[in-house]
Student: 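Before I ask anything, here is the structure I am working with.
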Amino acid sequence: MKLFSSVNDVTDVKALVAQALAEKNDPFAHQHLGKNKTISLVFLNPSLRTRMSTQKAAMNLGMNVIVLNIDKEGWALELRDNVIMNGTTVEHIREAAAVMGEYSDIIGVRSFPGLTDREEDYSESIFNKFVEFCKVPVISLESATRHPLQSLADLVTIEELKTKARPKVVLTWAPHIKALPQAVPNSFVEWMCQADVDFVITHPEGYALSEQFTNGATITHNQDEALKDADFIYVKNWSAYEPYGAVTGGNEDWMLTNTKLDVLAPEAKVMHCLPVRRDLELSSEILDGPRSIVVHEAGNRVWAAQAVLKQMLEAL
Amino acid sequence: MKLFSSVNDVTDVKALVAQALAEKNDPFAHQHLGKNKTISLVFLNPSLRTRMSTQKAAMNLGMNVIVLNIDKEGWALELRDNVIMNGTTVEHIREAAAVMGEYSDIIGVRSFPGLTDREEDYSESIFNKFVEFCKVPVISLESATRHPLQSLADLVTIEELKTKARPKVVLTWAPHIKALPQAVPNSFVEWMCQADVDFVITHPEGYALSEQFTNGATITHNQDEALKDADFIYVKNWSAYEPYGAVTGGNEDWMLTNTKLDVLAPEAKVMHCLPVRRDLELSSEILDGPRSIVVHEAGNRVWAAQAVLKQMLEAL
Amino acid sequence: MKLFSSVNDVTDVKALVAQALAEKNDPFAHQHLGKNKTISLVFLNPSLRTRMSTQKAAMNLGMNVIVLNIDKEGWALELRDNVIMNGTTVEHIREAAAVMGEYSDIIGVRSFPGLTDREEDYSESIFNKFVEFCKVPVISLESATRHPLQSLADLVTIEELKTKARPKVVLTWAPHIKALPQAVPNSFVEWMCQADVDFVITHPEGYALSEQFTNGATITHNQDEALKDADFIYVKNWSAYEPYGAVTGGNEDWMLTNTKLDVLAPEAKVMHCLPVRRDLELSSEILDGPRSIVVHEAGNRVWAAQAVLKQMLEAL
């Protein structure tokens, strides 16, 4: 694998999930692959799970790891082309990415969307420029519109914990006070559409995701109907795709509670990519109760990253 | 050892000191213990000695190290329970600690006190929540009320440099312009009370430490009397315990000088945990002269951390 | 080697260049040298290339690496002597450097000039205090007046890519909007004067470098004349040495373009230490065209650092 930016970069999703579970079962079996190989994890935005799990996965594979919070430790990057750099940006992404490629066998990049210019965000221009200019394999640590390592870990978690061959998986919008990216839900939809699950998306009116991702998926504005008999409920807030980045108030009753689940989906396991705002996005009673698998899910981030990095190392 | 937060977590203080000196003598003897083990060093506050010495100790033991300045690189943490997270905090410590535990065999945590709410600080709620929720062994990198790795290194230093079986050790308050935590003096008292030393505490009126720590120790407001014939003098500023966090001006004459020591304790070695404000807390003439052992003491931080981590690794 | 701060610390420049190319050819041949050795890379200022390339070089040599952005993760350092530390600085460089030395076999330090007090900057007081107080070998990661790892990489690049025994190398000033240090051009001059090249410096009036560095070098204010038939053109902005740190507007026509090079030096390879401001310091058409070797040059930073670290490790 030379690029891991979406499910479309994966030849065999099932095999990748199986590889992740194999890594979990025997974490240090492939340390020879990473010996004397360097991965640079480059962050333009904050990170906890992605940073730690990918660093750990790389170390499990025997790699050397360079972590660079370029927004804080490095130089202000110019991301636009055809500008005279006489402002506040100090280095162009063309040089920055190319130079990082010189020091790295693999690069991981995190870059959030601005949520103001939809065309810009959905063109994935920052991430794509890194890929174009660094000239080494790139693994997305979350880009403007996707978070594939999260989605792979989610699928690994479902595969690991499902109790029937074809579980019902529901993605439900949840309330928030800030405008959040659509990357996690976009990605989750993309991966679920390729998985052996019954998949339903539910959100209030005004929060439709891009059809580029939801095309063909079942969507309803009736949360109760969607949750009915769910095996896995994926909770996530996102801001509107149209008008882009909008957050309208209300919809507080979309937050999951035990009362709701006791009736609709008593056996459901509740997932969230984290970080989660307690009692705004998701109730504490669920997070602290037996239905929540959010910590287990976060733990699986290591094995998702390790399976991807293993494939990348094998292709070097 | 599953927890290192205070001297009370140590079964045999003498043996731990001896182990630290053994590690110093042969730093790479136990690298097999740490192979494929990951320690995450999580900082909610700045650090130089603790960060570097603990990272080095872990590497000496063959461990993989993840350093996370979570206040800068990660998300703003919510530390209180039972709040609707509709403000500026992005992730609750319950999830953050639990997730870090998924990626770590051992976690080190640094968290300073706020110095405004004594009950809150002395409950060690932040540190204790990390311990409770991360579910892996935790080593304190300084918490609200204690700095046990510092105190262990201090005791190692005294043990290493003492010229009599039972040296006289004096903890003296020193002037400062800011309100500093009581963590270092609390911890030093706690460890000295378990060591084979004659221990005296001296400070101006108004700077009594919590009786929880000083109970049974000799305390005097007469610095000259305390310093008399001291073998080791531990210099440290702290703010008042009552009223909590207060700093009253004056007491500049509490700063140690050679003139003072030439008369009172000509053979004394002078210690400080660092960082130290020159010519405010402690005179340059002492810091630059033969009495100071502050750099040697800082160097011993590695061996203190290494002895503790060794015990933790053996108990995994 | 115990110190790498300028070309004057190198016994045999040719041999060091050859060693760098040997490391490039066989990057992992000397891993035994660094085993159980720790390098601390201490940054008082931002870094991308120097940070990543030196960390990678050290890892190639089998070393353990501690990266400390002390300006962000540590304490505010006091750099002056004989001051009562009752202001905003928390730790004196005397203690900070000494303590870092306790934890390190080698220390790398980056510290930029203030560009307001020339005597202070050119005394290299910060860098020299690190060297004096840390008591272990020190490698400059760029100091107030020099950037020797950059210059060594530059010389390695020229040696690697030259097509004649004695190429013509031109250092040309380029426009900028901010006051930049003289460290890179000072250093480049210093190294070129010891290399087997025809060396010319060109800059507008008012931008003469210190004679301490340019003594004996050919200097002209006529850029066209200087560029004539150049084999390598080193592009760099710097602020004035006299009046110190001044930036006068104008001189925009000093920016290199293909039109200029097509006439004057059609075969020239164009170098820059990076970061570079596109279409202000250097035209995009050159950076994106076949004349530019800036990324290749940045890649050679690894081998420059590795050759120096190898010599330091051998002398431990």
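Below, chains carry the letters A, B, ... as their sequence lines are ordered, and counting in each starts from 1.
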Student: Is the side chain of C:R110 donor-acceptor paired with the backbone N or O of C:P46 at a distance under 3.5 Å, no angle test?
Tutor: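 Pair found, side chain donor or acceptor close to backbone of C:P46.
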
Student: Within the distance-only criterion (no hydrogens, no angle test), does the side chain of A:S123 pair as donor or acceptor with the backbone N or O of A:E120 below 3.5 angstrom?
Tutor: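 It does hold such a pair.
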
Student: Any donor-acceptor pair under 3.5 Å linking the side-chain atoms of C:E73 with those of C:N69?
Tutor: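 Note: C:N69 and C:E73 side chains meet the donor-acceptor criterion.
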
Student: Is there a donor-acceptor pair under 3.5 Å between the side chain of C:S239 and the backbone N or O of C:A179?
Tutor: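 Checking the backbone N and O of C:A179 against the side chain of C:S239, no donor-acceptor pair under 3.5 Å is found.
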
Student: For the interface with chain A, which of C:R51, C:R49, C:M59 has the highest count of heavy-atom pairs at distances below 4.5 Å?
Tutor: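 Highest number of pairs under 4.5 Å: C:R49.
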
Student: What residues of residues 278-289 of chain C make heavy-atom contacts with chain A at a cutoff under 4.5 angstrom?
Tutor: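 Residues C:R278, C:D279, C:L280, C:L287, C:D288 are the ones that qualify, each having a heavy atom under 4.5 Å from chain A.
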
Student: A:V65 versus chain C, heavy atoms under 4.5 Å apart: side chain, backbone, both or neither?
Tutor: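 Backbone of A:V65 only, per the 4.5 Å heavy-atom cut-off to chain C.
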
Student: Give a yes or no answer on whether the side chain of C:K236 reaches the backbone of C:C273 with a donor-acceptor pair at less than 3.5 Å.
Tutor: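 Such a contact is absent between C:K236 side chain and C:C273 backbone.
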
Student: For the side chain of A:E142 and the backbone of A:F112, is there at least one donor-acceptor N/O pair under 3.5 Å apart?
Tutor: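 No, A:E142 side chain to A:F112 backbone: no donor-acceptor pair under 3.5 Å.
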
Student: With a sphere of 6.0 Å drawn around NZ of A:K135, does it hold more than 12 non-hydrogen atoms of other residues, nucleotides or ligands?
Tutor: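 It does not: A:K135 NZ has 12 such atoms or fewer within range.
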
Student: Can you tell whether the side chains of C:D253 and C:K260 come within less than 4.0 Å, N to carboxylate O?
Tutor: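 Looking at C:D253 and C:K260, the cut-off is not met.
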
Student: So which part of C:L48 gets closer than 4.5 Å to some heavy atom of chain A, the side chain, the backbone, both or neither?
Tutor: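 Both backbone and side chain.
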
Student: Report yes or no: does C:K269 contribute a side-chain atom to a donor-acceptor pair with the main-chain N or O of C:I293 at less than 3.5 Å?
Tutor: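 No.
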
Student: Give the minimum heavy-atom separation between A:L115 and A:P181, together with the two atoms involved.
Tutor: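 The answer is CD1-N, 3.9 Å.
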
Student: In terms of heavy-atom proximity below 4.5 Å to chain C, should A:S104 be classed as side chain, backbone, both, or neither?
Tutor: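 Both parts, backbone and side chain.
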
Student: Identify the residues of residues 21-40 of chain C whose heavy atoms come closer than 4.5 Å to a heavy atom of chain A, ordered by number, or report 'none'.
Tutor: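 The stretch touches chain A at C:F28, C:Q31.
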
Student: Any side-chain donor paired with an acceptor under 3.5 Å for C:H296 and C:E160?
Tutor: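 There is such a pair (donor and acceptor under 3.5 Å, judged by atom type) between the side chains of C:H296 and C:E160.
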
